[in-house]
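Numbers restart at 1 for each chain; the letters A, B, ... are given by sequence-line order, proteins then strands. Note that the coordinates shown come from a computational prediction; the quantities given were computed from them, not determined experimentally.
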Amino acid sequence: MAEIRVYSTPTCPYCVRVKNYLKDKNIPFENIDVSSNEEGLAEMVRVSGQMGVPVVLIDGDVIVGFDKEKIDSKLGA
Amino acid sequence: MRELIIVGAGPAGITAAVYAARKKIDFMLVTEDIGGQTLLSSDVENYTGYQFITGQDLVAKFEEHLKQFGVEAKTGEPAVRILQAKDGSFTVETKKAAYQAKAVIVASGRRPRWLDAAGEEALRNKGVSYCATCDGPLFSKKHVAVIGGGNSALDAALQMMHIATFVYLIDINPELGGDPIMREKVMAAANAKIFNSAVTKEIRGSQFVEGIRFEQNGVSRDLDVQGVFVEIGSIPNSDIIDFVAKNENGEIIIDNINSTNIAGIFAAGDVTDVPEKQIIVAAGEGAKAVLGVSRYLYKSGA
C-alpha cells in the first residue's frame, strides 16, 4: 500500500475534496494540517517548493492541488 | 452527435444538467471541476431552503442531485474552445477530446483577475494567492498584503487580521469600497494599515514572496511581506468562444431566454451579462437556459 500524506488546511475547499476522494476510495492517508503544524508547513514547502494547498505526497512523489488523474495514476502504478 | 453540451459545472451548469436530464435531452457536461466559484464561498446565507450552508456543502448537495440522474459528466476536462460548423452544429474541444452537439450552454463562470504586476506569475503559489480562504492559514505570524478595495479584499483583510501579524491593504482607489461594516472593522484594526490611491507595481522575491512595491502619489514605496492576496475582482471565462456577442467586460450577451446572437448557443450564470453574480441567480439562469434549448431543439426539428 502506498504511503500517502495530505498537507491541507481546514478551510481550503480543494483540501476537503482531495481528502473525501481518498476516503471514498478507502485509501488510508496521513493528514497534516499546516495551519496549526509549523513543522508540517515547512516540510510541505520544502518538498513541493511552493505554498499552495493541498499537496499530496504519494511514496515521495509530489502532487500540488486536487489532481484526480495524477493521484489515480500514482495509485494505479 | 448529442443534442446538447453544457460547459461548466457551477450552479448554472449543474442546474442546467438536472433540468436537461429531466427533459430527457441527450447531453453531456464538460468541466474542470464541480462547483466552480461556489466552492470558494465560505458562508452562504441566501440560498432559499438553507438558512446557512457553506459553499462546499452546497456544492456537495448539488453533486448529489446531479448523480441521481447518471449524467455523463467529464470532470478534469475544461472546454478550451467552442467552434461552429457549417451545418449549424457545434464542436466543444476540451483538454482531451472534441465533442459535437446541436446546442451548447456556456456556463463557464469567472476566474480571479490578475494584477499584471511584475513577479506575480513567477510567485504564484509561492506567496501570491487569489484565495485567502484557501491559503490564508499558511501565513500565520507573517506580514501580508491584500491588494484591492472592494468586499472581497475587505473580507480577505478581515480573515488575515486574525491569522497574520500585520496586514497591509493596498487599494488603487482614493477610498475603500465595499460594505461600511467591513470597512470600519478594517479601519479600526490595530494590526492593519490601509494605503489608498496605491498602484501595485511589483511583487518581489527569489523563491518566495519577500515584498511588494507600489506607487502612491508619484512616490514609490516598498513593503516587506511574505504573502500577497490579490482580490481585485474576476473576469468571465468567455475566451473559449469567439463568435458570440459580448459586452465591454467580455461577458456573453444573452436575452431573457438565455439565447445569444448565435442560434444554438445559450449561456447562463456569471459568464453572462446578467449583472447579479449570485449562486441562486446562476442556478435559475441554468434552468432557464435548458428550457430555451429544449424549445430550440424542438423548433429546429432535432
Worksheet item: Quick one: what part of B:Ser129 sits under 4.5 Å from any heavy atom of chain A, side chain, backbone, both or neither?
Response: neither
Worksheet entry | Distance (rounded to the nearest 0.5 Å) between A:Ser35 OG and B:Leu138 CG | 8.0 Å
Discussion item. So for atom NZ, which belongs to B:Lys96, do other residues, nucleotides or ligands contribute more than 12 heavy atoms lying within a distance under 6.0 Å?
Written reply: yes
Worksheet, complete the sentence: Rounded to the nearest 0.5 Å, the CD atom of A:Glu38 sits from the OG atom of B:Ser140 at a distance of 6.0 Å
Worksheet item: For B:Thr54, is it the side chain, the backbone, both or neither that has a heavy atom under 4.5 Å from a heavy atom of chain A?
Response: neither
Fill in: Over 12 foreign heavy atoms within 6.0 Å of CZ, B:Arg111
yes
Practice prompt. Measure the spacing between CZ of B:Phe139 and CE of A:Met51 and express it to the nearest 0.5 Å.
Written response: 4.0 Å
Fill in: Side chain, backbone, both or neither of B:Ile163 within contact of chain A (heavy atoms, under 4.5 Å)
neither
Worksheet item: Is the closest basic N to carboxylate O distance between A:Glu69 and B:Lys95 below 4.0 Å?
Response: no
Item to complete: Would you indicate whether A:Lys70, at its atom NZ, is surrounded by more than 12 heavy atoms from other residues, nucleotides or ligands within a distance under 6.0 Å?
Response: no
Item to complete: Answer with side chain, backbone, both or neither: which region of B:Glu63 has an atom nearer than 4.5 Å to a non-hydrogen atom of chain A?
Response: side chain
Response to the item:
Assert top hit (heavy-atom pairs under 4.5 Å, partner chain B, pool A:Gly49, A:Pro13, A:Cys15) equals A:Pro13
Discussion item. As a quick check of understanding, evaluate side chain to side chain contact (heavy atoms under 4.5 Å, CB included) for B:Asp33 and A:Phe66, giving each step before the final call.
Written reply: CA-CA 10 Å; B:Asp33 59 19; A:Phe66 176 32; over 6 Å; no
Fill in: Engaged part of A:Thr11 at the chain B interface, taking heavy atoms whose separation is under 4.5 Å
both
Item to complete: Starting at CD of B:Gln56, measure out to SG of A:Cys12 and round the result to the nearest 0.5 Å.
Response: 7.5 Å
Discussion item. Counting only non-hydrogen atoms closer than 4.5 Å, does B:Val209 touch chain A with its backbone (N, CA, C, O), its side chain (CB onward), both, or neither?
Written reply: neither
